[in-house]
Amino acid sequence: MYYSDPPYVLIAASLLMAAVCCYAFYKTLVGTLQDWSKRRSSRLLVLLQGSRLKVPLLGITLGAMGFLSGSLLFFSMPPSFAYSFSAVIAGVSVTLVWIQLRTLLRRLETGGVKALKLEELGLGEIPLPGFIADDSK
């Protein structure tokens with residue numbers, strides 16, 4: 001009844017779900033980190049690794065999985081392949097994101113903001129041989 005052959009409803013609903021959960025994830029993370037910067041309580045960072053972030057992250061994962069599977073179904077992939085492939089991709093992605101987030105929160109807890117060394121993440125320091133010629137020498 002609500003299913004269309006190209007699954008437009010699945011794609012749109014999944015995209016909306018991922019966007020709403022991403023906003024909740026962002027607001028929770030930013031709000032808790034602002035509280036932590038004022039109080040410097042390690043309890044806040046431990047609470048952040050609990051269900052306060054896991055629930056929105058699960059919503060983002062389910063939304064991404066639905067969007068990816070709907071997109072694969074749109075291109076006439078078999079449903080079993082579309083759902084299983086998107087579940088594997090979303091599962092691996094969310095696992096890697098969670099591991100990286102926990103690592104950053106541990107670094108933040110032990111060494112403060114200076115332990116993150118955000119300047120190392122800039123692209124200006126990555127050498128790209130053969131692409132950029134340095135004529136200043």
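In this chain, residues are counted from 1 in sequence order.
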| Do any N or O atoms from the side chain of Thr32 and from the backbone of Leu29 form a donor-acceptor pair under 3.5 angstrom? |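 No; judged by distance alone, with no hydrogens or angles, the pair does not exist.
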| field | Check: Ser14 side chain, Ile11 main-chain N or O, donor-acceptor pair, under 3.5 Å | value | no
Could you pull out the closest heavy-atom pair between [X] and [Y], with the gap in Å?
X	Y	value
Leu10	Ser69	CD2-OG, 4.0 Å
Ala18	Ala64	CB-N, 4.2 Å
Gly59	Cys21	CA-SG, 3.5 Å
Ser80	Ser84	O-OG, 2.7 Å

Report whether [X] and [Y] are members of the same hydrophobic cluster (ILVMFWY, side-chain heavy atoms less than 4.5 Å apart, transitive linking).
X	Y	value
Leu58	Met17	yes
Met65	Leu15	no
Met77	Leu68	yes
Ile60	Leu96	no

| note | Here the gap from Thr61 atom OG1 to Ile89 atom CD1, rounded to the nearest 0.5 Å, amounts to 12.5 Å
| task | Please round to the nearest 0.5 Å and tell me the distance separating atom SG of Cys22 and atom CZ of Phe25. | result |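 Going from SG on Cys22 over to CZ on Phe25, the span is 8.0 Å.
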| Would you say the side chain of Leu72 lies within less than 4.5 Å of the side chain of Tyr83, judging by non-hydrogen atoms? | no
| query | Heavy-atom distance under 4.5 Å between the side chains of Trp98 and Leu53, does that happen here? | reply | yes
| request: Anything under 30° is parallel, anything over 60° is perpendicular, the rest tilted; go ahead and classify Tyr26 against Tyr23. | output: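 Taking Tyr23 first and then Tyr26, their aromatic rings sit tilted (interplane angle of 30° to 60°).
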